[in-house]
Amino acid sequence: MHILILGGTTEARALAGLLHTDVRVTSSLAGRVASPRLPAGEVRIGGFGGVEGLVEWIGGHAVDAVIDATHPFAERISFNAARAAATAHVPLLALRRPGWVPVEGDDWREVPSLEAAAGALDGLGDRVFLTTGRMGLAAFADRPQWFLVRSVDAPEPPMPARAEVLLDRGPFTLDGERELLRRHRIDVLVTKDSGGAATAPKLTAAREAGIPVVVVRRPPVPEGVPVAATAEEAAAWARSR
């Protein structure tokens with residue numbers, strides 16, 4: 001059996017670790033991170049060339065099932081995977097970590113896009129902790145606030161004129177996030193609803209500090225695709241094919 005795992009997320013790596021001793025596993029990484037953490041099993045890096053390219057790869061490599069374990073905001077590849085799996089007549093599962101849920105004391109402002117997040121900053125403060133990654137910073141390029149931009153790799157222009165870049169990779173600790181907010185005198189946090197535990201401490205630190213959080217909601221997902229919430233659930237699905 002050959003399982004194709006799309007994505008370099010924490011869950012994708014955990015899934016490859018669970019499966020690679022039992023079945024053939026190929027993990028496909030987009031290549032957007034310069035030094036990715038490689039999963040167990042076979043690895044390919046780079047795009048497929050759209051739906052047609054993915055269909056051709058599935059057929060050419062005798063793939064028996066596909067698991068979409070991409071980032072919750074990787075909307076294009078998720079829809080491409082759904083179309084390609086249907087065309088190639090192979091089963092598809094989406095591995096999606098649950099989204100974050102506000103708790104008592106949180107001051108969240110939920111918005112549908114990065115552009116809406118930029119617009120929501122008015123009146124919330126002058127020092128922004130921006131944790132949406134290096135892609136999409138153009139949405140904030142004309143904002144007057146000062147930004148602390150955290151990303152794994154260095155971002156490229158356009159980006160905010162008043163900005164400091166912090167290159168770092170999770171998981172992050174609560175103590176570390178508390179100190180970061182204090183040291184940089186952060187007034188407001190901007191994040192995508194990525195879910196998971198690796199980057200969640202910033203939400204707790206913001207709640208404790210009474211800092212508002214602008215949360216970009218997840219994009220829509222393909223209809224009719226079964227979903228697993230954990231790598232263990234996805235591994236059980238794969239073994240049942």
Can you get from [X] to [Y] by hopping between Ile, Leu, Val, Met, Phe, Trp and Tyr side chains that sit under 4.5 Å apart?
| X | Y | answer |
| --- | --- | --- |
| L148 | V215 | yes |
| V51 | I77 | no |
| V188 | F147 | yes |
| V165 | L137 | yes |
| V213 | V216 | no |

Rounded to the nearest 0.5 Å, what separation is found between the [atom1] atom of [X] and the [atom2] atom of [Y]?
| X | Y | atom1 | atom2 | answer |
| --- | --- | --- | --- | --- |
| K192 | S113 | NZ | OG | 11.0 Å |
| S151 | M135 | OG | CE | 11.0 Å |
| L181 | R127 | CG | CZ | 11.5 Å |
| R143 | L130 | CZ | CG | 12.0 Å |
| R239 | L19 | CZ | CG | 5.0 Å |
| D64 | I58 | CG | CD1 | 11.0 Å |

Do the non-hydrogen side-chain atoms of [X] and [Y] ever get within less than 4.5 Å of each other?
| X | Y | value |
| --- | --- | --- |
| V103 | W108 | no |
| V111 | V214 | yes |
| L54 | L4 | yes |
| D193 | P72 | no |
| H2 | T26 | yes |
| V221 | V227 | no |
| D187 | D126 | yes |
| H20 | L15 | no |

Ignoring hydrogens, what is the shortest heavy-atom contact between [X] and [Y]? Give both atom names and the distance.
| X | Y | answer |
| --- | --- | --- |
| A12 | I5 | CB-CG2, 4.0 Å |
| G8 | R13 | O-NH1, 2.9 Å |
| A229 | L95 | C-CD1, 4.0 Å |
| L189 | A206 | CD2-CB, 4.2 Å |
| T70 | S78 | OG1-OG, 3.5 Å |
| P212 | R109 | CB-NH2, 4.1 Å |

Do [X] side-chain atoms and [Y] backbone N/O form a donor-acceptor pair below 3.5 Å?
| X | Y | result |
| --- | --- | --- |
| R83 | F79 | no |
| R178 | A209 | no |
| N80 | G50 | no |

Taking atom [atom1] as the centre, does [X] end up with more than 12 heavy-atom neighbours from other residues, nucleotides or ligands that are less than 6.0 angstrom away?
| X | atom1 | result |
| --- | --- | --- |
| E179 | CD | yes |
| R76 | CZ | no |
| R218 | CZ | yes |

### Message
Please verify the inter-ring angle class for W57 with H61; under 30° counts as parallel, over 60° as perpendicular, anything in between as tilted.
### Response
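If you compare the ring of W57 with that of H61, the planes turn out parallel.
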### Message
Testing the 3.5 Å rule here: is there a donor-acceptor pair between the side chains of R150 and T199?
### Response
no
### Message
Evaluate H184 against L166 for side-chain contact (heavy atoms from CB on, under 4.5 Å), listing each step before the verdict.
### Response
CA-CA 11 Å; H184 293 279; L166 174 62; 5.5 Å; no
### Task
Begin with the C-alpha distance, continue with both residues' side-chain angles, and end with the deciding distance and a verdict on side-chain contact (heavy atoms from CB on, under 4.5 Å) for W237 and I67.
CA-CA 10 Å; W237 178 89; I67 299 178; 3.7 Å; yes
### Message
Between F48 and V55, does the side-chain contact (heavy atoms from CB on, under 4.5 Å) criterion hold? Intermediate values first, please.
### Response
CA-CA 9 Å; F48 290 95; V55 171; over 6 Å; no
### Query
Can F129 and I211 be said to form a side-chain contact (heavy atoms from CB on, under 4.5 Å), step by step?
CA-CA 10 Å; F129 184 22; I211 293 173; over 6 Å; no
